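Beneath this line is the structure, given in structure tokens, with notes to follow.
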Amino acid sequence: MKKYAVASTLILATLSAAPALANNVDWFVGGGIGYQNDSVKQDIGGFKSSNNAEDVTYQLRAGAIINDHHRVTGTYSYFSDDINGLLGQRELTQNMFLASYDYLIPVHQNINLFAGVTAGFADNAVKNKATGFKADSTDFVWGGQVGAQYNIDNNWSTDLTYRVLDQDYDKLANKVDYTQQVVWSLDYKF
């Protein structure tokens with residue numbers, strides 16, 4: 001429980017203090033689509049199964065670019081996929097609520113590279129397709145991302161991002177170890 005309090009405090013402090021410290025803030029909203037791969041493990045009485053859930057992820061995001069080098073972003077991400085395991089076919093559904101910080105490094109007139117950290121919460125649900133039984137939990141996730149941003153013009157930009165998140169979901173013999181995402185997004189700055 002301590003890690004939730006620490007993460008929440010850091011996220012709130014960053015998001016509330018950043019605009020006060022900025023001379024130049026560009027607010028943005030956007031969306032993205034990409035590929036997500038989750039490492040899902042199952043352990044029932046010593047019998048183990050390891051599968052990957054992989055499919056399309058959809059994202060909505062909003063945030064601020066501060067002084068052209070610092071970006072804070074809030075992201076909602078949705079993912080769903082079927083996986084086979086020891087108890088038959090299961091469906092993993094995941095809703096993530098993430099806060100990210102990126103440092104933008106200009107490498108050309110319209111191109112920035114970036115690297116940053118992410119923390120938030122994942123609402124994972126694993127449903128057995130045969131019985132309909134569902135085990136869900138909301139857990140802390142954290143990780144980092146790297147990528148490139150292209151500024152199309154003064155208002156539009158696009159990102160290509162690779163993100164890795166550590167997951168804490170562990171319910172009824174199902175465990176989500178980590179998540180990897182490759183996402184293309186389009187943002188509008190105002």
Side-chain angles (χ1 to χ4, degrees), residues 1-8 10-11 30-61 63 71-103 113-149 159-185:
M1 192 61 166
K2 262 187 174 178
K3 62 182 170 183
Y4 297 120
V6 171
S8 298
L10 288 174
I11 291 167
I33 188 167
Y35 166 79
Q36 181 168 319
N37 180 322
D38 284 16
S39 171
V40 182
K41 296 181 179 177
Q42 199 172 45
D43 187 352
I44 301 171
F47 294 100
K48 296 181 180 187
S49 171
S50 179
N51 295 313
N52 285 347
E54 51 187 346
D55 207 342
V56 176
T57 180
Y58 304 95
Q59 299 185 354
L60 296 174
R61 58 196 236 153
R71 178 171 65 182
V72 288
T73 308
T75 303
Y76 166 74
S77 176
Y78 174 80
F79 169 80
S80 180
D81 189 33
D82 291 340
I83 46 179
N84 292 314
L86 297 172
L87 297 175
Q89 191 173 34
R90 298 162 290 152
E91 178 185 26
L92 169 65
T93 303
Q94 186 177 85
N95 293 283
M96 286 195 280
F97 304 91
L98 307 171
S100 302
Y101 167 80
D102 294 309
Y103 185 75
L113 298 180
F114 62 85
V117 295
T118 296
F121 297 95
D123 181 35
N124 286 299
V126 176
K127 179 180 176 182
N128 188 306
K129 293 274 214 166
T131 64
F133 183 76
K134 182 168 86 169
D136 60 347
S137 176
T138 302
D139 300 295
F140 181 70
V141 295
W142 63 275
Q145 66 275 343
V146 295
Q149 176 190 56
D159 284 10
L160 184 61
T161 305
Y162 171 72
R163 175 181 284 142
V164 177
L165 298 169
D166 185 47
Q167 295 258 12
D168 286 339
Y169 178 85
D170 192 355
K171 292 285 180 198
L172 299 174
N174 295 296
K175 180 176 182 170
V176 178
D177 246 359
Y178 61 86
T179 297
Q180 298 181 77
Q181 296 176 331
V182 176
V183 177
W184 171 75
S185 58

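Small disclaimer: the values here were computed from a predicted structure and weren't measured. All values below come from the heavy atoms of this structure, side chains included, with hydrogens, waters and symmetry mates left out.
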- Passes side-chain contact (heavy atoms from CB on, under 4.5 Å), Leu92 versus Phe79? Steps please. CA-CA 8 Å; Leu92 169 65; Phe79 169 80; 4.1 Å; yes

- Please report the C-alpha distance between Asp38 and Lys175 in whole Å, then the side-chain angles of each, then the deciding distance to 0.1 Å, and finally whether the salt bridge (charged side-chain N to carboxylate O under 4.0 Å, His left out) criterion is met. CA-CA 10 Å; Asp38 284 16; Lys175 180 176 182 170; over 6 Å; no

- Query: Can you check side-chain contact (heavy atoms from CB on, under 4.5 Å) on Val40 and Arg90, steps first, answer last?
  - Reply: CA-CA 11 Å; Val40 182; Arg90 298 162 290 152; 4.0 Å; yes

- Message: Set out, in order, the CA-CA distance, both residues' side-chain angles and the distance that settles side-chain contact (heavy atoms from CB on, under 4.5 Å) for Asp159 and Trp184, then state yes or no.
- Response: CA-CA 6 Å; Asp159 284 10; Trp184 171 75; over 6 Å; no

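Looking at Thr179 and Val164, their side chains never come closer than 4.5 Å, going by heavy atoms from C-beta outward. Side-chain contact between Leu98 and Val141: present, with at least one pair of heavy atoms (C-beta onward) separated by less than 4.5 Å. You'll find the side chain of Tyr169 reaches within 4.5 Å of the side chain of Val126, heavy atoms only. Side-chain contact between Ser39 and Asn52 is present, with heavy atoms from C-beta onward closer than 4.5 Å.
Across all non-hydrogen atoms, the minimal contact from Gly143 to Leu165 is N-CD2, 3.8 Å. Gly31 and Arg61 get closest at one heavy-atom pair: N-CG, 4.4 Å. Among all heavy-atom pairs drawn from Ala148 and Leu113, the shortest one is CB-CD2, 3.9 Å.
Figure legend: cation-pi geometry between Arg71 and Phe114, with NZ or CZ positioned under 6.0 Å from the six-membered ring centre and within 45° of its axis.
Here the CG atom belonging to Asp82 is positioned 5.5 Å from the CD atom belonging to Glu91, to the nearest 0.5 angstrom. Atom CH2 of Trp142 sits about 5.5 Å away from atom CG of Asp166, to the nearest 0.5 Å. With rounding to the nearest 0.5 Å, the separation of CG in Asn124 from OG1 in Thr93 is 9.0 Å. Atom OG1 in Thr75 sits 9.5 Å away from atom CE in Met96 (nearest 0.5 Å). One distance of note links OG1 of Thr138 with CG of Asp168; it measures 12.0 Å at 0.5 Å rounding.
No donor-acceptor contact under 3.5 angstrom links the side chains of Thr161 and Gln145, judged on distance only. For the residue pair Ser80 / Gln94, no side-chain donor-acceptor distance below 3.5 Å is found, with atom types taken as modelled. Inspection of the Gln180 and Glu54 side chains reveals no N or O donor paired with an N or O acceptor under 3.5 Å.
Here Lys41 pairs with Asp177 in a salt bridge; the nearest charged N to carboxylate O distance falls below 4.0 Å.
Formation of a donor-acceptor pair under 3.5 Å by the Thr57 side chain with backbone atoms of Tyr78 is found in this model. In this structure, Ser137 contributes its side chain and Asp139 its backbone to no donor-acceptor pair below 3.5 Å.
Of the listed residues (Arg163, Gln59, Gln181), just one forms a side chain to side chain donor-acceptor pair (under 3.5 Å) with Gln36, and that residue is Gln181.
By the 6.0 Å contact criterion, OH on Tyr76 is enclosed, its count of non-hydrogen atoms from other residues, nucleotides or ligands being greater than 12.
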